[in-house]
Amino acid sequence: MASPDEQTLTFLRGSGFLLSLVGVWDLMADESGQWPSQKGFVIFNETKMIAVIERHAEMRRGIEGTYAVEGNRIILTELLVDTAPERGALGDGAFAIDGDILTITWLSTSQTGQPPPHVDTFRRRAPLADDAVLPPVAIYESDGPTATPR
């Protein structure tokens, strides 16, 4: 029998997609941090990740791409859309799930000149389903080019 502190992780189709991640997650404001009014969301389905994170009016990033899970790492395998490619490549992330709270520590892709990893906390809104209500934020509104595959 499993102890109450153990967490069972269920992967879909044995291919590295974590069932616990699937759904819509809202970014929580970082009231004590650098961006107290940040907002956004991340959506995971079986093969794609869509995220919009707005730190403030001038610092907004939207991405859509495929991902895989290895241990507690979210590996971005291909970006189809990146609304801020001039900010550099988006790093993969280490995550932790505690009930309806998802914490992602974004890891930089380069050890030189990159800021230290940033931690975002999300609250689960709803499981991803056909009737899930998505936020009224379009990630495709950008003058930047689409991302090239990694």
Side-chain angles (χ1 to χ4, degrees), residues 7 9-12 16-150:
Q7 183 176 10
L9 303 177
T10 305
F11 288 85
L12 300 174
F17 301 107
L18 185 62
L19 186 59
S20 304
L21 275 176
V22 173
V24 180
W25 302 82
D26 290 312
L27 180 63
M28 297 169 62
D30 187 10
E31 295 170 4
S32 63
Q34 187 176 3
W35 299 293
S37 62
Q38 71 180 4
K39 56 188 173 184
F41 64 89
V42 64
I43 302 168
F44 291 97
N45 69 22
E46 290 182 23
T47 60
K48 283 194 179 174
M49 171 185 171
I50 299 170
V52 172
I53 295 176
E54 182 177 301
R55 305 288 182 209
H56 52 72
E58 290 81 36
M59 187 180 209
R60 180 175 185 221
R61 189 163 205 167
I63 63 164
E64 177 180 338
T66 56
Y67 76 99
V69 174
E70 294 178 8
N72 74 329
R73 295 273 310 259
I74 297 170
I75 310 298
L76 301 174
T77 57
E78 180 177 348
L79 287 181
L80 305 174
V81 173
D82 184 349
T83 62
E86 70 281 358
R87 294 194 188 277
L90 189 66
D92 299 331
F95 73 91
I97 297 175
D98 185 9
D100 285 339
I101 301 296
L102 168 67
T103 304
I104 299 177
T105 302
W106 299 103
L107 308 172
S108 62
T109 55
S110 167
Q111 297 301 323
T112 355
Q114 294 288 330
H118 179 74
V119 177
D120 282 322
T121 303
F122 299 85
R123 181 179 307 278
R124 184 185 297 276
R125 180 185 324 158
L128 187 60
D130 292 336
D131 59 348
V133 178
L134 303 180
V137 181
I139 69 170
Y140 302 100
E141 295 174 3
S142 174
D143 295 331
T146 58
T148 55
R150 286 180 33 179

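This structure is a prediction, so every number in the text was calculated from the model and none was measured.
- Distance check, rounded to the nearest 0.5 Å: CG of Leu102 to CG of Asp26 gives 11.5 Å.
- With a 4.5 Å cut-off on side-chain heavy atoms, Phe44 and Val69 do not count as touching.
- Looking at every heavy atom in both residues, Asn45 comes nearest to Tyr67 through O-OH, 2.8 Å.
- For Ile97 against Ser20, the heavy-atom pair with the smallest separation is CD1-CB, 3.7 Å.
- When all heavy atoms are compared, the tightest approach of Ala51 to Val42 is CB-CG2, 3.9 Å.
- In this structure, Asn72 CG and Ile104 CD1 are separated by 11.5 Å, a value rounded to the nearest 0.5 Å.
- In terms of heavy atoms, Ala29 sits closest to Pro36 at CB-O, 3.4 Å.
- To the nearest 0.5 Å, atoms CG (Leu107) and CD1 (Ile75) are separated by 8.5 Å.
- Atom OG1 in Thr121 sits 11.0 Å away from atom CH2 in Trp25 (nearest 0.5 Å).
- Residues Thr47 and Thr66 have side chains that never bring a donor and an acceptor to within less than 3.5 angstrom of each other.
- Side chains of Gln38 and Met59 form no contact here, defined as non-hydrogen atoms less than 4.5 Å apart.
- When all heavy atoms of Arg60 and Thr83 are compared, the closest pair comes out as O-OG1, 4.2 Å.
- Rounding to the nearest 0.5 Å gives a distance of 10.0 Å between CG of Leu76 and CG of Asp82.
- For Ser37, there are no side chain to side chain contact (heavy atoms under 4.5 Å, CB included) partners, not counting sequence neighbours.
- Residues Ile63 and Met49 form a side-chain contact, since some pair of their non-hydrogen atoms from C-beta on lies under 4.5 Å apart.
- Under the 4.5 Å side-chain criterion, counting only non-hydrogen atoms from C-beta, Ile53 is in contact with Phe122.
- Counted within 6.0 Å of CZ on Arg73, heavy atoms from surrounding residues, nucleotides or ligands total more than 12; the atom is thus considered enclosed.
- Note that CD of Gln34 and NE2 of His56 are 8.0 Å apart. Values are rounded to the nearest 0.5 Å.
- Closest approach of Arg61 and Ala84 over heavy atoms only: NH2-O, 3.3 Å.
- Scanning for side chain to side chain donor-acceptor pair (under 3.5 Å) contacts around Glu54 gives an empty result, with sequence neighbours left out.
- Ile50 places a side-chain heavy atom less than 4.5 Å from the side chain of Glu64.
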